> 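The structure is given below, and queries will be raised subsequently.
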Number of protein chains: 2
Amino acid sequence: MGGTLLYAYRNQAGVWAGRARDNEPVAAEEKAKKRGVGRPRRLEPEAIVATARRILEEEGVAALSMRRVAKEVGTTPMALYHHVRDKDELLMLTLAGTAATVPRPELPADPRARLLAVTLHMHGTLARMPWVVEVLSLGDLTDKGALWMVEEIVGAGVECGLTPVEAVRAYRTLWHCVYGDLVFRRAMERRAEEPDRKRYFPDMLTDADAAELPHLAALADSWAELTEDYDVARQLGAVIDGLLAQAGRPE
Amino acid sequence: MGGTLLYAYRNQAGVWAGRARDNEPVAAEEKAKKRGVGRPRRLEPEAIVATARRILEEEGVAALSMRRVAKEVGTTPMALYHHVRDKDELLMLTLAGTAATVPRPELPADPRARLLAVTLHMHGTLARMPWVVEVLSLGDLTDKGALWMVEEIVGAGVECGLTPVEAVRAYRTLWHCVYGDLVFRRAMERRAEEPDRKRYFPDMLTDADAAELPHLAALADSWAELTEDYDVARQLGAVIDGLLAQAGRPE
DNA sequence: ACCTGAACACCGTTCAAGT
DNA sequence: ACCTGAACACCGTTCAAGT
């Protein structure tokens with residue numbers, strides 16, 4: 001079945017992906033050494049991921065290319081494809097282990113306060129790791145070290161009277177608030193760095209528009225200020241109050 | 001000042017960008033015709049933007065390239081740079097006018113219900129225009145036709161007792177909820193299309209992890225289902241309740 | 001089993017020149 | 001004023017071959 005050499009190579013890539021999952025980073029390697037089978041590896045998969053992560057940390061997702069990683073670890077671009085299936089997989093692998101680099105904070109005993117504290121910890125951590133936010137938009141929860149936060153949020157939600165299902169939904173809503181804030185905060189910063197690029201709102205408002213948009217027209221002058229003053233903690237507090245008020249309410 | 005021909009060309013690009021802002025799409029053109037000055041234009045700026053928008057609608061942001069737009073409007077890539085400053089500007093220009101293609105819905109008189117209705121309208125509209133969500137992550141509010149939604153949200157918030165400033169913050173929070181939901185809904189759909197790509201959570205949980213993450217372990221089996229069952233309307237309702245409860249509370 | 005080299009089919013953008 | 005052509009410095013990935 002599909003028995004070309006190429007297919008066998010693909011399976012090897014699968015093995016490496018599996019290693020990231022079951023946390024046994026040297027098992028396959030040792031096996032190969034013990035068996036004395038195959039060519040000795042010149043390229044350590046860990047080096048690929050570490051280099052990719054460094055580029056992401058220093059310069060962001062846009063700067064990461066397979067060719068650049070290859071150059072910096074000292075191989076050809078194609079050697080990488082032996083260890084990862086494609087660029088997306090490499091991006092996912094860079095995520096593993098990042099949460100463990102941040103110390104786990106002391107959390108308040110009160111469940112409502114804990115809910116807010118964990119959510120703010122997520123926000124604060126990711127604000128300092130903007131590349132993680134970019135990679136996370138690909139979708140998956142891949143870093144096991146980050147799961148304690150989800151566990152705490154769901155647990156605190158349940159302690160506050162939510163059903164487990166409601167608590168998971170609450171987690172997702174809080175995550176949307178955190179993620180949205182981080183994305184648009186970054187977008188603002190990027191635009192601030194390019195001062196010649198035109199700002200559209202509220203500058204584009206004409207007098208005719210102002211008549212139809214009275215509230216926005218009144219706020220136009222302070223809009224920039226308002227955008228900067230957005231206080232995540234305060235807003236998340238309000239969102240949590242709303243989510244917890246669901247407790248015991250019929251579906 | 002900077003008096004090379006090249007600088008003059010750049011200014012022309014500036015003129016076109018300005019036209020999008022002050023809604024006088026033919027002024028510069030007519031002036032040129034009247035004056036009989038310069039070479040007659042072969043390439044209509046509107047055609048560039050329209051073609052770009054068609055590609056975005058049909059195939060998404062990843063499929064849009066300057067070279068492809070150029071080919072489809074029948075010019076060279078470089079001709080485009082006469083009408084837009086760069087690819088980012090072209091993306092922003094495609095946004096203008098999209099909100100006007102969606103009929104404005106009837107809204108309930110009750111301000112709390114109106115808040116929810118407008119937010120859901122935003123969500124529903126953008127769910128049908130995934131490319132807009134992708135472009136919006138660049139940051140700016142560029143489509144004047146979309147401002148009535150912000151106005152309604154701020155207005156309804158004020159009617160519910162929020163200060164204008166609180167109402168703007170509430171708008172941003174609601175926008176984060178809408179945007180986050182759309183981003184991760186899309187990510188889920190994309191991953192569903194590639195069935196061979198491995199799912200990480202909750203499959204990566206070992207028994208040891210399960211002991212430390214009791215709530216997540218208990219929910220592991222129903223996780224996929226839970227993710228699909230997320231009901232935006234219900235969650236936005238809860239968020240709105242929380243945001244409105246801020247009314248009258250000290251800062 | 002692991003790696004290389006050449007190639008394919010692309011990118012955004014600059015520069016100098018043409019009409 | 002508007003457009004072209006060639007070029008620069010890149011991409012992700014496939015394929016066939018080498019050890």
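Within every chain, numbering begins at 1; the chains are lettered A, B, ... in the order of the sequence lines, protein sequences first and strands thereafter. Note that these values count all heavy atoms, side chains included, but never hydrogens, waters or copies made by symmetry. Given the structure is predicted, the values throughout are model-derived calculations rather than measurements.
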> Taking atom types as modelled, find out whether B:E72 and B:T51 have a side-chain donor-acceptor pair closer than 3.5 angstrom.
no

> With a 6.0 Å cut-off on the ring centroids, do B:W175 and B:H123 count as close?
no

> Of the listed nucleotides (C:dC3, D:dC15, D:dG12), which one gets closest to any side-chain atom of A:Y81?
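Nearest to the side chain of A:Y81 among the choices is D:dG12.
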
> Using a strict threshold of under 4.0 Å (side-chain N to carboxylate O), is an ion pair present between B:E59 and B:R68?
yes

> Rounded to whole Å, please give me the gap between CG in B:D86 and P in C:dT13.
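After rounding, the reported distance stands at 5 Å.
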
> Distance check needed: D:dG12 C1' versus A:D88 CG, whole Å only.
11 Å

> Tell me if the CD atom of B:E225 is crowded by more than 12 foreign heavy atoms within 6.0 Å.
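12 or below, so no.
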
> If you write DNA chain C from 5' to 3' in dot-bracket form, with Watson-Crick or G-U pairs under 3.5 Å, [ ] for crossing pairs and | for pairs with another strand, what do you get?
||.|||||...|||||.||

> So that I can tick it off, tell me whether B:E189 and B:R185 are bridged by a salt bridge, with the cut-off set at under 4.0 angstrom between side-chain N and carboxylate O.
no

> Tell me which of A:K87 and A:K71 sits closer to the 5' end of DNA chain D, going by the nucleotide each one is nearest to.
A:K71

> Check the distance between C:dT14's C1' and B:R85's CZ and give it to me in whole angstrom.
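Rounded to whole Å, this separation is 15 Å.
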
> How far, in whole Å, is C:dA9 from D:dC10 if one measures between their P atoms?
22 Å

> Which parts of residues 53-68 of chain B get close to DNA chain D, meaning a heavy atom less than 4.0 angstrom away?
B:R67

> Phosphate oxygens OP1/OP2 of C:dC3: is one of them under 4.0 Å from a side-chain N or O of A:H83?
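Indeed, a polar side-chain atom of A:H83 lies that close.
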
> May I have the distance from B:H82 (atom NE2) to C:dG18 (atom P), rounded to whole angstrom?
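The answer, rounded to whole Å, is 16 Å.
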
> Could you tell me whether the side chains of B:T119 and B:Y171 share a donor-acceptor contact shorter than 3.5 Å?
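There is no such pair between these side chains.
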
> Could you tell me the separation between the CG atom of A:L90 and the P atom of D:dC11, rounded to a whole number of Å?
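So the CG-P distance, A:L90 to D:dC11, works out to 14 Å.
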
> When you compare the side chain of B:I153 with that of B:M122, does any pair of heavy atoms fall below 4.5 Å?
yes

> Can you measure B:M78 atom CE to C:dA17 atom C1' for me and round it to whole angstrom units?
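So the CE-C1' distance, B:M78 to C:dA17, works out to 13 Å.
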
> Is it true that A:R128 and A:E57 make a salt bridge, defined as a side-chain N closer than 4.0 Å to a carboxylate O?
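No salt bridge links A:R128 with A:E57.
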
> Heavy atoms from C-beta onward define the side chain here; which of D:dT4, C:dC3, C:dT4 lies closest to that of B:A79?
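The closest nucleotide is D:dT4.
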
> Before we go on, tell me: are the rings of A:Y230 and A:F184 under 6.0 Å apart, centre to centre?
no

> Please state how far atom CG in A:L80 lies from atom P in C:dC3, giving the value in whole angstrom units.
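Rounding to the nearest Å, CG of A:L80 and P of C:dC3 are 10 Å apart.
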
